[in-house]
Amino acid sequence: MKYEQLAKDIIENVGGKENVNSVVHCITRLRFKLKDEGKANTDVLKNMDGVVTVMKSGGQYQVVIGNHVPDVYKDVVEIGGFQNQSPVEEDGDKKKQGVFNSFIDIISGIFTPTLGVLAATGMIKGFNSLFVALGWFSDKSGTYQILNAVGDALFYFFPIFLGYTAMKKFGGSHFIGMAIGAALVYPTLSGLSAGEPLYTLFAGTMFESPIHITFLGIPVILMSYSSSVIPIIISTYVAAKLENWLKKVIPDVVKMFLVPFFTLLIIVPLTFIVIGPIATWAGQLIGQLTLWLIGLSPIVAGIFLGAFWQVFVIFGLHWGLIPIAINNIMVMGQDTILALIFAATFAQIGAVLAIMLKTKDKKLKSLSIPAFISGIFGVTEPAIYGITLPRKKPFIISCIAAAIGGGIIGAFHAKSYMMGGLGIFAFPSFISPKEGITMGLWGAVIGAVAAFILGYILTALFGGKEKKLAEGLGATVGTQTTAEQKQAVKHLKNEIISSPFNGEVKALSELKDAAFASGALGKGVAIEPSEGKLVSPVSGTVSALFPTNHAIGITTDEGAEILIHIGMDTVQLEGKYFSAHTTQGARVEKGQLLIGFDIDKIKEAGFLLTTPVVVTNHEHYDLVPTSEKHVKAGTRLIELQVNNENNNRVVI
C-alpha cells in the first residue's frame, strides 16, 4: 500500500477507527463523519506530511490531501476496515446511473484486479493451442499439459478469485469470499455426476434436472461452477450483508471465528440449493428457446445467439446451450449452435483492436494487446471484462457485430462437426468429414470477417472516447510517479489558459475554502460564473471527472494540469443540478461544453458558486493572471510560462 503509513497516522489522529462512522472522498479530500470530533487531533493532522489542511464543514471532518486522495482513501479503507463508500456508491449516483450502469460498475470493480493475470493466462492458452496446431508438440505431451494447467487454472478456479475481489467490492471479508468460491469448485462435488439420481424435479418437463445429493433432506441440483461468474457474485453479495449483520450481533470475544462460521454455514448451502438451480433452469430455458429459433429460421437464430452469446457467458447461461451442442455432435455428428456463436469472438477482438489503436492511455493499450492476442485464439474473457464491458458502448457494438455475423453464418446453414479449437482454430470444425469443404465453411469465414470488420469500424466511429479502467474511476490529476513527472517537465510548453465561464474574476484568497484559498491545492484564480456552462479552457484530455460532475481535471496538450471545482462543498448536492457532457479519459477541444449546471437552484440550496480554476502542477510555471475583472468564456484567463529553473517563482 503506497500510503500505508499516512493512512495509519490519519486514522489514529481522527480518533481511531472506532471514532469513525463513515469516510468518503471527493476530488481533493477525505470526508469523515466522526462520532466525536473532539477526539480528533486537528493540529497534528494539519502539520502532517501528506496532509494539506483540515477543515470542518457540513457535519464532516475534512482532511485535505490533494490530487492523490483516491490512493490515500483506498489505504485508509483497507487499514481501517471501513466499508468502501466512495461517493460513486454513497451519493445516490447509482440511482441516476440506472440498473445497467450500476451492474457494469459492479462487474468492472470485481474484475479489474484480475485483468493482468486474466490476459496472461488467456495468452498462454491461446499459444498452447497454436503450438499444438503447428505440430510443435502433442496435446498428450507433458509440455502441453503443464502449459494448459498454467493457462487454465485461473479460468477453472475463477470463483475463488472472484470470491476475493467480489467480497472486497461488497465490503466483506476477502477470505470468506474465497472459501465460498472454493466450495463451488470443490472436486468431490464437481465429480458427483454419475450414478442414479436420488430425485428428479419437474420430471418429464423441459426443466427436468437430476439431483444426486440432498442437504438436510433438501434436494440439491448439481452443476459445474468452474469458470462461472454470476453465482459467486450473488453469493458474496449476500454473504457480505450477512457477515456485517453478524458482526453487530455476535459478541466481540467470539466474533473472530463465529462470524465466518455462520456466514459459510448459511451461504454455501444456500448457493447450492437456490442459486445453482436458478442458473440451471435459466440456462435450460435459453437452450430450448434457441432450438425453437433454429427450427424457425437459422438466420433469426444466428442473429439472436450472436447478439446475446457474450451476455449469456457473463451470466453463466451458456451452460444451457453447451450440453445441447455436445449432444448434437455426439448423436448426429453435427451441431448448429456452436456454428452460430462463432462470430462473437471476432466481433470482440475487432472492437478491442479499435480501442487499442485509438487510445492514448498507456495502461489501456497495454491491456488491449494481450486481450486481442488471446481473443484471436478464442479466449475472450480478458477482452470482455477488461476492455469492452467497462466501456459499455464497445461491448454493445461487439454484440451488434456478432449478431450480424451470426445471421450470415445462419444464412449459409453452417454447422460444426467436431468440438475443435477456439478462435481461428475453430475453422476446421466447419469441414464436413463426409462432404469436405462446403458452403458452411465459407459462411463461417464470411461471418467471422464481417463481425471483425464491423466490430472494428463501429467501435472506431461510435465507441466513444476511452475511459480509464474501473480501478481508475476516482483517479485525479497529478498521480504520476516522480520519475514520470521529471520526464514530463521536459516537455512542458508555455500556453494560455482561457476562461471556462462567463463571470467575475476574483482572487483565490476570497474563497471560503481554506485549502483552495491558501493555494495549497494549486495556483490560479477564482471565477463567479454568471451562466451555468463550463467549457474547456484548453485542448487536452479529461484526466478526472468526479461522479457528481461538480469538479473536473484536464491535462492540456502542452502538459499543464488544470483543476476546476464548481462552487464550494457542492459535492453534497450528490450530482443534483449538474450534468456532464464528457467522460473521464475523453479528448476535449478548447471551447467545448463539458458541464452544465443550474446556478439558481444551486444557490437556492445554499451553496456558493465561486469556482477555483487552478494549475495543480504550478511549481513548473510562472503564472500571469488576467487583469480583467470580468471575462467571457474562451478569453485569456491565465498565461503559463514554463519555469525551466524550477525556482517556483509564481506571479500571482
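The shown structure was predicted, so the numbers you read here are calculated from the model rather than taken from an experiment. FYI, the numbering just counts along the sequence from 1.
Between Ala179 and Leu264, the shortest heavy-atom contact is CB-CD2, 3.8 Å. Nearest heavy-atom pair across Ala383 and Val352 is CB-CG2, 3.6 Å. When all heavy atoms of Thr582 and Leu545 are compared, the closest pair comes out as O-CD2, 3.5 Å. Among all heavy-atom pairs drawn from Asn13 and Asp9, the shortest one is ND2-O, 2.7 Å. The minimum heavy-atom distance between Lys255 and Pro260, with the atom names listed, is O-CD, 3.9 Å. Nearest heavy-atom pair, Ala402 versus Ala347, reported as atom, atom and distance to 0.1 Å: N-CB, 3.6 Å.
Within the 4.5 Å cutoff, side-chain heavy atoms of Ile233 are placed close to those of Phe170. Side-chain contact between Thr570 and Phe578 is present, with at least one heavy-atom pair separated by less than 4.5 Å. Annotation: side chain of Phe272 is in contact with side chain of Leu184 (closest heavy-atom distance under 4.5 Å). A 4.5 Å side-chain heavy-atom check between Ile10 and Val72 finds at least one atom pair inside the cut-off. Here the side chains of Leu45 and Tyr61 are in contact, with some heavy-atom distance below 4.5 Å. The side-chain heavy atoms of Phe597 and Tyr577, taken from C-beta on, include no pair separated by under 4.5 Å. Looking only at side-chain heavy atoms (C-beta outward), Val69 and Leu30 come within less than 4.5 Å of each other. A heavy-atom distance below 4.5 Å is found between the side chains of Leu34 and Val20.
If you check the side chains of Thr271 and Ser235, you find a donor sitting under 3.5 Å from an acceptor.
With sequence neighbours excluded, the residues forming a salt bridge (charged side-chain N to carboxylate O under 4.0 Å, His left out) with Lys247 are Glu243, listed by chain and number.
In this structure, OG1 in Thr583 is found 9.5 Å from NZ in Lys392, a value given to the nearest 0.5 Å. The distance from atom CD1 of Ile180 to atom OG1 of Thr263, rounded to the nearest 0.5 Å, is 7.5 Å. Of the inter-residue distances, the one linking Ile595 atom CD1 with Ile552 atom CD1 reads 4.5 Å to the nearest 0.5 angstrom. We find the CH2-OG1 distance between Trp309 and Thr345 to be 9.5 Å, quoted to the nearest 0.5 Å. Note that NZ of Lys46 is 12.5 Å distant from CG of Asn41, once rounded to the nearest 0.5 Å. From His174, atom NE2 reaches atom CE of Met167 across 8.5 Å, with rounding to the nearest 0.5 Å.
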Working note: Gln62 + Asp569, criterion side chain to side chain contact (heavy atoms under 4.5 Å, CB included); need CA distance, chi angles, decisive distance, verdict.
CA-CA 11 Å; Gln62 303 174 9; Asp569 288 324; 3.6 Å; yes
Exercise for the section: May I have the step-by-step check of side chain to side chain contact (heavy atoms under 4.5 Å, CB included) for Ile387 and Phe395, ending in yes or no? Expected result: CA-CA 8 Å; Ile387 310 298; Phe395 180 77; over 6 Å; no
- prompt: What's the verdict on side chain to side chain contact (heavy atoms under 4.5 Å, CB included) for Leu6 and Val51, showing C-alpha distance, side-chain angles and the deciding distance?
  reply: CA-CA 9 Å; Leu6 176 60; Val51 174; 4.2 Å; yes
Working note: Thr388 + Gln348, criterion side chain to side chain contact (heavy atoms under 4.5 Å, CB included); need CA distance, chi angles, decisive distance, verdict.
CA-CA 8 Å; Thr388 61; Gln348 264 298 328; 3.2 Å; yes
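The environment of CG in Asp36 is crowded: more than 12 heavy-atom neighbours from other residues, nucleotides or ligands sit within 6.0 Å. For Phe607, the CZ atom is densely surrounded, since the number of other residues' heavy atoms within 6.0 Å is greater than 12.
Between Phe308 and Phe304, the gap from one ring centroid to the other is short of 6.0 Å.
Between Tyr73 and His25, the ring-plane angle classifies as tilted under the 30° and 60° cut-offs.
A donor-acceptor pair under 3.5 Å is formed between the side chain of Lys35 and the backbone N or O of Glu18.
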